[in-house]
Amino acid sequence: QVQLVESGGGLVLAGGSLRLSCAASGRALSNFYMGWFRQAPGKEREFVAGITWIGGSTYAADSVKSRFTISRDNAKNTLYLQMNSLKPEDTAVYYCAARMRSYAYIPREEYEYDYWGQGTQVTVSS
């Protein structure tokens with residue numbers, strides 16, 4: 001089992017920045033993929049960014065790749081999402097997710113992840 005706990009959400013003005021954190025605990029994390037998803041009111045959950053835990057390779061959705069950066073601290077077992085130049089359309093509940101099995105590429109679909117955090121609210125006001 002893996003436990004994921006997000007933090008760092010909040011209310012921010014458009015153009016501002018936030019950094020989300022996701023603390024992972026439980027099983028050894030050496031074979032992880034981890035990712036960030038978000039779900040806005042009335043919309044489906046969507047992929048934001050993903051990372052391989054060992055090599056640190058990343059992939060981000062086109063809508064955020066120039067503004068958001070995913071990273072991890074192996075020693076702290078913590079995943080981050082640095083969000084800059086935030087827009088009102090970034091308002092959503094942000095979830096971190098983990099996959100414990102090998103895969104051909106950084107997973108980008110909900111069903112490809114095994115564990116989920118409880119989510120943290122990000123609200124961007126104009």
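Quick note: numbers below take in every heavy atom, side chains included, and nothing from hydrogens, waters or symmetry partners. Starting from 1, each residue takes its place in the sequence as its number. All of these numbers come straight from a predicted model, not from anything done at the bench.
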Sidechain-backbone polar pair: Asn77 side chain, Ser25 backbone, donor-acceptor under 3.5 Å: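 No.
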Tyr33 side-chain N/O to Tyr103 backbone N/O, donor-acceptor pair under 3.5 Å: yes
NZ or CZ of Arg99 within 45° of Phe32 ring axis and under 6.0 Å: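 No, Arg99 does not lie over the aromatic ring of Phe32.
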Name of the residue among Trp116, Tyr95, Tyr94 meeting ring-ring contact (aromatic ring centres under 6.0 Å, His included) with Phe37: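 It is Trp116; the other options fail the test.
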Closest heavy-atom contact between [X] and [Y]?
X      : Y      : result
Leu4   : Cys96  : CB-SG, 3.6 Å
Pro88  : Ser126 : CG-CB, 3.9 Å
Asn84  : Ser17  : OD1-OG, 2.9 Å
Tyr80  : Trp36  : O-NE1, 3.2 Å
Arg72  : Gly55  : NH2-C, 3.9 Å
Gln121 : Thr123 : NE2-OG1, 3.3 Å

Residues Thr91 and Glu89: side-chain donor-acceptor under 3.5 angstrom: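 Absent: no donor and acceptor within the cut-off.
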Polar side chain donor-acceptor pair, Thr78 to Asp73, under 3.5 angstrom: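 Short answer, no.
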Quick one: are [X] and [Y] in side-chain contact, heavy atoms under 4.5 Å?
X      : Y      : answer
Leu11  : Ser125 : yes
Thr120 : Leu20  : yes
Glu6   : Ser21  : no
Val122 : Asp90  : no
Leu81  : Val48  : yes
Arg19  : Met83  : no
Leu13  : Val124 : no

Rounded to the nearest 0.5 Å, how far does [atom2] of [Y] lie from [atom1] of [X]?
X      : Y     : atom1 : atom2 : result
Met100 : Met34 : CE    : CE    : 10.0 Å
Ser85  : Arg67 : OG    : CZ    : 7.0 Å
Phe68  : Thr58 : CZ    : OG1   : 14.0 Å
Gln82  : Ser71 : CD    : OG    : 8.0 Å
Leu79  : Ile70 : CG    : CD1   : 4.5 Å

Salt bridge present between Lys65 and Asp62 (N-O < 4.0 angstrom):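 Counted as a salt bridge, because a side-chain N and a carboxylate O are separated by less than 4.0 Å.
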Carboxylate-amine/guanidinium contact Arg38 Glu46, below 4.0 Å: yes
